[in-house]
Amino acid sequence: GRRGGGTGSHSCMANLGLEMECEAGVCANRAVQRGRFAPTESQWYGEKGWGLKLVVDVKRDKLVEEYVGEVIEQGGVLGPLSESEPMYFVEFVHGLIIDARLKGSYASLINHSCEPNAQLRQWSVKGTRHVVVSMLCDAKAGDEVTIAYRDTVTSRQWCCKCGKDTCVNSD
């Protein structure tokens, strides 16, 4: 690989492997800081409700969106929700969750699938943890971005509507 700076530098590639962004210099590993995510837009998916779709073709591991919201303690916050209210919560660190109900990004629109094409990952930016959505596989423009809710945090059952052959609700 190349030496000194650029996207191929040893320290930049090491940071990428650790899911950390470089703090300064010419390192290109700063997608979260600079908001360099794949273009997406909201889409109505009928029974599933609102979701997020890709506007362009996207490669595996590409960052799609940052999951943002209010960081709150997990204990008891999910109990009073009605069964019909969408879930906008993801685990941040042990005992803390991100509540995207009022202060969320488009990532809060991502629907569940039993065969997801994306995942939530923790990313470190200047020592601060962030939750980002990254693609598990190559995807085409127009594809819905989906994650496995079982990998997030919820305190109630939810009804899967993904329609995949492997669906937990299939007969």
Side-chain angles (χ1 to χ4, degrees), residues 7 12-24 27-43 45 48-56 58-81 85-139 143-158 160-162 168:
T7 59
C12 180
M13 296 310 288
N15 281 349
L16 184 60
L18 294 171
E19 298 182 343
M20 293 175 54
E21 290 200 352
C22 301
E23 291 191 29
C27 177
N29 179 23
R30 297 171 76 184
V32 177
Q33 290 178 56
R34 295 180 177 167
R36 291 188 179 155
F37 301 109
T40 58
E41 61 186 23
S42 60
Q43 169 84 30
Y45 287 99
K48 293 192 293 184
W50 288 100
L52 196 65
K53 79 172 184 179
L54 297 169
V55 174
V56 298
V58 175
K59 296 286 186 191
R60 179 184 179 180
D61 294 325
K62 173 70 176 168
L63 300 183
V64 176
E65 184 70 59
E66 182 175 3
Y67 200 100
V68 298
E70 183 179 2
V71 177
I72 57 177
E73 290 187 24
Q74 185 173 346
V77 72
L78 301 178
L81 298 176
E85 184 175 353
M87 291 183 287
Y88 298 113
F89 305 97
V90 297
E91 185 173 14
F92 184 52
V93 294
H94 183 68
L96 297 176
I97 60 172
I98 297 175
D99 177 352
R101 288 180 292 178
L102 301 176
K103 300 177 183 177
S105 66
Y106 280 120
S108 67
L109 298 176
I110 296 174
N111 286 314
H112 164 81
S113 176
C114 293
E115 296 176 20
N117 60 6
Q119 66 181 339
L120 298 177
R121 293 166 50 189
Q122 298 246 347
W123 202 271
S124 178
V125 178
K126 296 182 179 181
T128 302
R129 288 185 180 190
H130 295 255
V131 175
V132 295
V133 180
S134 71
M135 297 305 295
L136 288 169
C137 57
D138 292 353
D143 286 355
E144 181 181 10
V145 178
T146 59
I147 60 173
Y149 282 2
R150 67 182 170 273
D151 297 335
T152 65
V153 63
T154 82
S155 68
R156 67 171 195 242
Q157 293 294 322
W158 41 269
C160 179
K161 298 174 181 155
C162 75
V168 296

Distance (rounded to the nearest 0.5 Å) between [X] [atom1] and [Y] [atom2]:
| X | Y | atom1 | atom2 | value |
| --- | --- | --- | --- | --- |
| H130 | Y67 | NE2 | OH | 16.0 Å |
| R60 | D138 | CZ | CG | 8.5 Å |
| I147 | S113 | CD1 | OG | 10.5 Å |

Item checked: Close side-chain approach of W123 to E66, heavy-atom, < 4.5 Å -> no
Item checked: Heavy-atom side-chain contact between Q122 and V131 under 4.5 Å -> yes
Tell me the closest heavy-atom pair linking [X] and [Y], and the distance in Å.
| X | Y | value |
| --- | --- | --- |
| G49 | N111 | O-ND2, 4.2 Å |
| L109 | S42 | CD1-CB, 3.6 Å |
| W50 | Y45 | C-CD1, 4.5 Å |
| A118 | V145 | CB-CG1, 3.8 Å |
| Y106 | E65 | CB-OE1, 4.0 Å |
| V133 | L120 | CG2-CD2, 3.6 Å |

Item checked: Contacts of E144 that satisfy salt bridge (Lys or Arg N to Asp or Glu O under 4.0 Å) - sequence neighbours left out -> K48
Notebook entry, point to check: For S134, which residues count as a side chain to side chain donor-acceptor pair (under 3.5 Å) partner, sequence neighbours excluded?
Noted result: R121
Item checked: N117 backbone acceptor or donor facing T146 side chain under 3.5 Å -> yes
Next item on the list: For A139, enumerate each residue passing the side-chain contact (heavy atoms from CB on, under 4.5 Å) test, keeping only those at least two apart in sequence or located in another chain.
Entry: L54, M135, D143
